[in-house]
Amino acid sequence: MTIREIGNYVDQEVCLLGWLYNKRSSGKLHFLQVRDGTETIQCVMFKGDFSEEVFKQADTVPQESTIQIIGTVKRDERSPLGYEIAVKHFELLNEAQEYPITPKEHGTAFLMDHRHLWLRSSRQHAIMQIRSQIIQAVRNYFDQNGFTLVDAPIFTPNACEGTTNLFETEYFEEKAYLTQSGQLYMEAAAAAFGKAYCFGPTFRAEKSKTRRHLTEFWMVEPEVAFNNLDDNIDLAEDFVVYIVQHVLQTCRRQLDVLERDISKLENIQKPFPRITYDEALQILKEKGTPEQQVPWGEDFGGDEETVISQQFDRPVFIHRYPAQCKAFYMKADPENPKVALNVDMIAPEGYGEVIGGGQREDNLDILTHKIQEHQLPMEAFDWYLDLRRYGTFVHSGFGLGIERTVAWICGLHHVRETIPFPRLMGRLRP
RNA sequence: UCCUCAGUAGCUCAAUGGCAGAGCAAUCGGCUGUUAACCGAUGGGUUGUAGGUUCGAGUCCUACCUGGGGAGCCA
């Protein structure tokens, strides 16, 4: 029996193993908030039902002590869960030492130092359950739509985009880097399986300190043979709607705990607006401040993304950025080679870029030329160029950042709360 | 890397250059329906580190360390 399924046990006697989350006492009555990992329930003890010692003990149990409760499940409107347990038997299995996280407020640094304990708190508990459901939705979606899971390596011999800082590590006699994307490998997978995706951690050694950045984060990256840019956007749109609807169906209580505005999520239905980079610049011209006027050719910053996303009540796709600010593998638009066939998806409410992707360059000569142009080591990409030598094909894909998606769906201010043990610049512990 | 703010009790924060304090937590007592319960009492301090100015520094100055917020880059 877990508290999550307590509704099936009304008026029955149950045995509950858990931890004391909080307690209130009223002289002849104790109210114990007990959590078992699934939920928290109020357990009520009347003085007359217990010996002097046991009733006294229950009043002095420290927070987070391990306890066993035997009692009867009652429906009760006064209890937050709608049910409570009338306790018949109380046993202290382990008395906890003084618990550092109290029901009062704490600072971010203190909570992050105690992340291993903070995960027990109701808000963090709700966030992790939503994260788990988001990941389940990701897997369901691809599994049900003919994709094959193809795991990409974490050790890589070279930078696949070259520019950003990578974590370097020793690999026997040579240097290796922690992956920043599985994309190049997914292109190989698309040629082998048609529809493929990978899901795993990625690493960026950038010394960025913002609420949207982690040094280690999880990314899901589908890649599909014979999809062009429009097909790719269709896929991303369908995928995001599926994830949000799945969370709405499975995590109502958790969204409640987080006080998330559900109506904002119910809005997330097809179609999402699709605008070009040039149209996005036009929006900034009309709605942005003087500082937010981006000259053609430059990428948007967080503030600019927010201004653009505020014009819409659902995620917005921005496509065809200037090729000069995008990676070498992006295919240029045949109708205007100055722009790339890429797409970013900006989440609403200022949550920023959640998806980045596009159609890949499939021409051997053009791709070779671009690698030279970006001054990347040709030998590192020899295997990658093989994909254009042996049956090249139109293909597209994208990467979705799990933590930013969780932050958006949960309505959180900072991505550090969206992953169990965040890795940030200057934070490696716990 | 740059800009900016902060560091005082276990936690969150006060303290005009002049006696280092409150709420919560802890400990003890009270209360028969509490919802961050409430009421009373008790204990709790190398004011981030090193130096300097001053009769006197938590407070002013210098350097360093740590953390928060923001920027660039990105998912």
Side-chain angles (χ1 to χ4, degrees), chain A residues 21-33 40-49 55-56 59-60 62-64 74 76-81 84 86 96-114 117-118 121-123 161-166 180-183 201-221 236 291 298-305 325-327 343-347 351-357 398-408 413-416 418-419 424-427:
Chain A
Y21 189 67
N22 196 6
K23 66 171 186 292
R24 289 176 282 275
S25 177
S26 227
K28 306 284 192 306
L29 272 174
H30 296 327
F31 300 95
L32 309 179
Q33 315 297 322
T40 302
I41 192 167
Q42 174 158 283
C43 301
V44 186
M45 293 176 74
F46 284 90
K47 190 172 187 179
D49 297 341
F55 195 74
K56 175 92 179 166
D59 195 30
T60 57
Q63 198 183 349
E64 288 302 317
K74 300 285 182 195
D76 196 312
E77 292 305 316
R78 292 170 294 187
S79 191
L81 194 67
E84 58 182 31
Q97 296 181 21
E98 192 180 327
Y99 191 64
I101 301 178
T102 65
K104 293 282 179 180
E105 64 204 53
H106 297 285
T108 306
F110 178 80
L111 290 170
M112 290 296 288
D113 286 341
H114 294 85
L117 302 177
W118 191 23
S121 302
S122 59
R123 275 182 62 87
E161 296 183 26
T163 53
T164 48
N165 302 321
L166 301 182
Q180 61 179 342
S181 164
Q183 188 213 305
T202 49
F203 308 87
R204 308 265 165 106
E206 283 175 354
K207 294 188 175 176
S208 40
K209 277 177 58 175
T210 83
R211 60 197 168 89
R212 296 190 303 278
H213 286 85
L214 296 164
T215 56
E216 178 181 311
F217 65 97
W218 287 66
M219 190 154 66
V220 55
E221 294 173 276
E291 298 81 52
E298 277 182 32
D299 212 337
F300 304 120
D303 287 350
E304 289 87 47
E305 286 177 354
C325 68
K326 287 293 161 185
V343 63
D344 284 354
M345 191 193 83
I346 312 296
Y351 282 95
E353 186 183 342
V354 163
I355 282 179
F398 61 86
L400 173 137
I402 291 294
E403 285 73 19
R404 287 185 184 177
T405 303
V406 176
W408 163 46
H413 177 70
H414 201 299
V415 289
R416 67 185 157 215
T418 66
I419 184 167
L424 301 143
M425 184 178 84
R427 189 170 291 282

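Note on naming: letters A, B, ... go to the chains in the order of the sequence lines (proteins, then strands), and numbering restarts at 1 for each one. Every value quoted in this text rests on a predicted model; they were computed, and no experiment measured them.
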Original post:
Does A/Arg416 put a side-chain nitrogen or oxygen below 4.0 Å from OP1 or OP2 of B/rG69?
Top reply: yes
Original post:
What is the nucleic acid contact for A/His414, judged by heavy atoms within less than 4.0 Å: base, sugar-phosphate only, or nothing?
Top reply: sugar-phosphate
Just the atom pairs and distances: protein N or O near nucleotides 1-7 of chain B's N or O, under 3.5 Å.
unit_1: B/rU1; atom_1: OP1; unit_2: A/Lys207; atom_2: NZ; d: 2.9
unit_1: B/rU1; atom_1: O4; unit_2: A/Lys207; atom_2: O; d: 2.5

Original post:
Any side-chain N or O of A/Lys28 under 4.0 Å from OP1/OP2 of B/rU34?
Top reply: no
**OP:** Sequence neighbours left out, what passes side chain to side chain contact (heavy atoms under 4.5 Å, CB included) with A/Glu353? Give chain and number order.
**Re:** A/Glu305, A/Asp344, A/Ile346, A/Arg404
Original post:
With sequence neighbours excluded, what pairs up with A/Asp49 under the side chain to side chain donor-acceptor pair (under 3.5 Å) test?
Top reply: none
**OP:** Decide, applying a 5.5 Å centre-distance limit and a 30° plane-angle limit (both strict), whether A/Phe31 stacks on B/rG33.
**Re:** no
Original post:
On a whole-Å scale, what distance lies between the C1' atoms belonging to B/rG56 and B/rC3?
Top reply: 36 Å
Subject >> Which residues share a side chain to side chain contact (heavy atoms under 4.5 Å, CB included) with A/Leu111, sequence neighbours left out >> reply: A/Ile101, A/His106, A/Trp118
**OP:** Sequence neighbours left out, what passes side chain to side chain contact (heavy atoms under 4.5 Å, CB included) with A/Thr210? Give chain and number order.
**Re:** A/Arg212, A/His213
**OP:** Select from A/Phe110 and A/Thr102 the residue whose nearest nucleotide in RNA chain B is closer to the 5' end of that strand.
**Re:** A/Phe110
Subject >> Residues that A/Glu403 engages under salt bridge (charged side-chain N to carboxylate O under 4.0 Å, His left out), provided they are two or more places apart >> reply: A/Arg131
Subject >> Any residue meeting side chain to side chain donor-acceptor pair (under 3.5 Å) with A/Gln42, in chain and number order, not counting sequence neighbours >> reply: A/Gln33, A/Glu84
**OP:** Scan A/Ile355 against the nucleic acid and name what it touches under 4.0 Å (heavy atoms): base, sugar-phosphate only, or nothing.
**Re:** sugar-phosphate
Subject >> Dot-bracket encoding of pairs in RNA chain B, which uses [ ] for pseudoknotted crossings and | for another strand, Watson-Crick or G-U under 3.5 angstrom >> reply: (((((((..((((....[..)))).(((((.......))))).....(((((..]....))))))))))))....
Original post:
Under the ring pair (Phe, Tyr, Trp, His ring centres under 6.0 Å) test, which residues partner A/Phe203, sequence neighbours left out?
Top reply: none
**OP:** Identify, with sequence neighbours excluded, every residue that meets salt bridge (charged side-chain N to carboxylate O under 4.0 Å, His left out) alongside A/Arg211.
**Re:** none
**OP:** Write down the distance separating the C1' atoms in B/rC19 and B/rA15, rounded off to the nearest Å.
**Re:** 12 Å
Original post:
Excluding sequence neighbours, so at least two apart, what forms side chain to side chain contact (heavy atoms under 4.5 Å, CB included) with A/Lys56?
Top reply: none
**OP:** For A/Thr202, answer base if it contacts any base atom (sugar-phosphate contacts may also be present), sugar-phosphate if it contacts only those atoms, and nothing otherwise; contact means non-hydrogen atoms under 4.0 Å.
**Re:** nothing
Original post:
Reckon A/His106 has a side-chain N or O less than 4.0 Å from the OP1 or OP2 of B/rG67?
Top reply: no
Original post:
Reckon A/Arg212 has a side-chain N or O less than 4.0 Å from the OP1 or OP2 of B/rA75?
Top reply: no
Give me, pair by pair, the N or O atoms of the protein and of nucleotides 37-39 of chain B that are less than 3.5 Å apart, along with how far apart they are.
unit_1: B/rA37; atom_1: OP1; unit_2: A/Asn22; atom_2: ND2; d: 3.3
unit_1: B/rA37; atom_1: OP2; unit_2: A/Asn22; atom_2: ND2; d: 2.3
unit_1: B/rA37; atom_1: OP2; unit_2: A/Arg24; atom_2: NH1; d: 2.4
unit_1: B/rA37; atom_1: N7; unit_2: A/Ser25; atom_2: O; d: 3.4
unit_1: B/rA37; atom_1: N6; unit_2: A/Ser25; atom_2: O; d: 2.4

**OP:** Please confirm whether any donor atom in the side chain of A/Glu84 sits under 3.5 Å from an acceptor in the base of B/rG33, or the reverse.
**Re:** yes
